[in-house]
Protein chains: 2
Amino acid sequence: MPGPIQSLSRAAAILRLLAGGERRLGLSEVSTALGLAKGTAHGILRTLQQEGFVEQDPESGKYQLGAELLRLGQSYLDVHELRARALVWADDLARASGETVYLGVLHQRGVLIVHHVFRPDDTRQVLEVGSMQPLHSTALGKVLLAYDPVARGELGEEPLEAYTSRTLTDLASVDEECGLIRERGWADAVEETWEGVASIGALIQDRRRNPVGAVCISGAVERVCEDGFVRPSLVASVRSAARAISRDLGAGRF
Amino acid sequence: MPGPIQSLSRAAAILRLLAGGERRLGLSEVSTALGLAKGTAHGILRTLQQEGFVEQDPESGKYQLGAELLRLGQSYLDVHELRARALVWADDLARASGETVYLGVLHQRGVLIVHHVFRPDDTRQVLEVGSMQPLHSTALGKVLLAYDPVARGELGEEPLEAYTSRTLTDLASVDEECGLIRERGWADAVEETWEGVASIGALIQDRRRNPVGAVCISGAVERVCEDGFVRPSLVASVRSAARAISRDLGAGRF
DNA sequence: GACAGGCGGTCGACATTGTCGACCGCAGTG
DNA sequence: CACTGCGGTCGACAATGTCGACCGCCTGTC
């Protein structure tokens, strides 16, 4: 495989850098952060700006991400086949369970949320489509770890971050848990990322049984759990939704 | 100004091409559509894929947009100052008016929706953040046309598309309407883009009185209009929300 | 079942193209 | 009023991306 295009990789790195830091960044900050000559960084930024991927605050001269990225991100969702077919099933699942529903796919070292149905009550909630969740401490993530070798590979050998006292932080425990998940066909995560929140997830696969994503419900531990375990009726709902979506994907080939 | 970076511009063109066509595109389709050699297009696509901006269907070998774009698009929203400050005001406006609220900024030849508050009832609605609306036939767009010379410039000299029988299609009428909008300080669009839908919009400006965006409410013409005109009470609500957001932006400089 | 035509992908020579580091003008600062 | 930092420009150089021919594969066809 021939090498990647240098200027493009650098442009991508700049975009990621801008996405990471919360505030706007100046030209010098960008060039030193990536070890580029100022002129080089400027040329890339100028082009990105022209294309709408980056915007420059005319007052301070600093750079931030541009609107075109939002538009393209939306287009990504429009084309996304898994998401399109899962929309109606996710809605049903939210109504049946009374809890928040997430749909996620593996992306880099985490789970990218591609669909989010609010819990059907009137509390204020913020849409989390486009955000990432960790692999080793969420129901979505653990499902993918258990079934997708690529996901397991992404974990690498680094020690895992502990978000709460219940987070699994060593790889052996995670692998053991994955075995259990494969055996019974679903995953849960009770207060492993956020205190007070429990979630139940199941795998979505395409017509060739490849793992393509996961669906989960997530809610207050008092509602989702009972006597210290997740409620079997909720598990059944999640698994049946996952099967329905998988079936939909399998049938959907022309 | 030195020239833009060729490979980057081409990569951007490829992304836009993939975003435009609804279905996945093959390598040859991409290269012929943009007039590139197949090898060149392949190199760019390979790099974009590596960076997560493009994904390849392993079965057909065709390309589509990648998940990284969704993540970056979300980051764009996170950093967006106008949006952050407008969130609470938009919520209030939706509650007070009982209608859908949109917040938009100028982007290329249209208005990009950066925030969307559902009408406060239980009907099913789809989030339109990240989508585009035309400049010459929506309240948001006409506000920007009236106050932002850049927006007016984007219209160019092309004939305007008619979405309904009430769409203003010649530039003279649009300019005349813009004069009216500047005089009274708000814009409306009654069934100019979608049959049965009316909207009312007002300008948002920063501390130096530059136009930075617009806010509008949008709803069924039967509710928004009365005796053929938009209801004055709704106009007042929209204008006061726009003023509040503008004030917030002005005060918010450290 | 051999063939043709299309696909995605590779390769290596070429010169276009992006890169580098010195330099510029400006704004804020002591 | 020098000084330091900023964003931005410039021009020489060669590294780099580009091109078009080529490869192997699959698919549909006669």
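Proteins get letters first, then strands, A, B, ... in listed order; numbering begins at 1 in each. Values below: all heavy atoms of this structure, side chains included; hydrogens, waters and symmetry mates excluded.
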Listed by chain and number, what are the ring pair (Phe, Tyr, Trp, His ring centres under 6.0 Å) partners of A/F53, not counting sequence neighbours?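 So A/F53 forms no ring pair (Phe, Tyr, Trp, His ring centres under 6.0 Å) with any residue.
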
Could I get the full list of ring pair (Phe, Tyr, Trp, His ring centres under 6.0 Å) partners for B/H116, not counting sequence neighbours?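 Result, ring pair (Phe, Tyr, Trp, His ring centres under 6.0 Å) vs B/H116: B/Y102, B/F118.
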
For the pair made of [atom1] in [X] and [atom2] in [N], what is the distance, rounded to whole Å?
| X | N | atom1 | atom2 | answer |
| --- | --- | --- | --- | --- |
| B/H42 | C/dG12 | NE2 | C1' | 15 Å |
| B/Q64 | C/dG8 | CD | P | 15 Å |
| B/K62 | D/dC26 | NZ | P | 17 Å |
| A/D57 | D/dC6 | CG | P | 17 Å |
| B/Q56 | C/dG9 | CD | C1' | 10 Å |
| B/R24 | C/dC7 | CZ | P | 17 Å |
| B/Q50 | C/dG9 | CD | C1' | 15 Å |
| B/E59 | D/dT27 | CD | C1' | 14 Å |

Verify the contact: side-chain N or O of B/Y63 to OP1 or OP2 of C/dG9, cut-off strictly under 4.0 Å; return yes or no.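 Yes, B/Y63 has a side-chain N/O under 4.0 Å of OP1/OP2 on C/dG9.
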
For A/D175, what residues pass the side-chain contact (heavy atoms from CB on, under 4.5 Å) criterion, not counting sequence neighbours?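 Partners of A/D175 under the side-chain contact (heavy atoms from CB on, under 4.5 Å) test: A/R152.
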
Just to verify, what does A/R209 make a side-chain contact (heavy atoms from CB on, under 4.5 Å) with, not counting sequence neighbours?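 Once residues adjacent in sequence are excluded, the partners of A/R209 under the side-chain contact (heavy atoms from CB on, under 4.5 Å) criterion are A/Q205.
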
Show the distances under 3.5 angstrom between N or O atoms of the protein and N or O atoms of nucleotides 26-30 of chain C.
none

Just grab all the salt bridge (charged side-chain N to carboxylate O under 4.0 Å, His left out) pairs involving residues 31-42 of chain A, residues at least two apart or on different chains.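 Listed once each, the pairs would be none.
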
Contact list for residues 133-151 of chain A, test salt bridge (charged side-chain N to carboxylate O under 4.0 Å, His left out), sequence neighbours left out: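 Sorted result for residues 133-151 of chain A: A/K142-A/E177, A/K142-A/E192.
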
Identify each donor-acceptor pair in which a side-chain atom of residues 25-33 of chain A lies under 3.5 Å from a protein atom, sequence neighbours left out, and give them as a table.
residue : atom : partner : partner atom : Å
A/E29   : OE1  : A/G26   : N            : 2.7
A/E29   : OE2  : A/R23   : NH2          : 2.5
A/S31   : OG   : A/L27   : O            : 3.4
A/S31   : OG   : A/S28   : O            : 3.0
A/T32   : OG1  : A/S28   : O            : 3.0
A/T32   : OG1  : A/E29   : O            : 3.2

Does anything in residues 26-33 of chain A come within less than 4.0 Å of DNA chain C? Heavy atoms only, and list the residues if so.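 Of all residues in residues 26-33 of chain A, none places a heavy atom under 4.0 Å from DNA chain C.
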
SB check B/R207 A/E59 (cutoff 4.0 Å):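 Looking at A/E59 together with B/R207, the answer is yes, because their closest N to O distance falls below 4.0 Å.
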
Residues in salt bridge (charged side-chain N to carboxylate O under 4.0 Å, His left out) contact with A/E55, at least two apart in sequence or another chain: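 Counting only residues at least two positions away or on another chain, A/E55 forms no salt bridge (charged side-chain N to carboxylate O under 4.0 Å, His left out).
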
Compile the donor-acceptor pairs under 3.5 Å between side chains in residues 105-113 of chain A and protein atoms, sequence neighbours left out, one pair per line.
residue : atom : partner : partner atom : Å
A/H107  : NE2  : B/E68   : OE1          : 2.6
A/Q108  : NE2  : B/E68   : OE1          : 2.9

Reading 5' to 3' through nucleotides 13-21 of chain C, protein heavy-atom contacts under 4.0 Å coded B for base, S for sugar-phosphate only, - for none: ----SSSBB

Report yes or no: does B/T138 contribute a side-chain atom to a donor-acceptor pair with the main-chain N or O of B/Q133 at less than 3.5 Å?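 Side chain of B/T138 to backbone of B/Q133, a donor-acceptor pair under 3.5 Å: no, none is there.
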
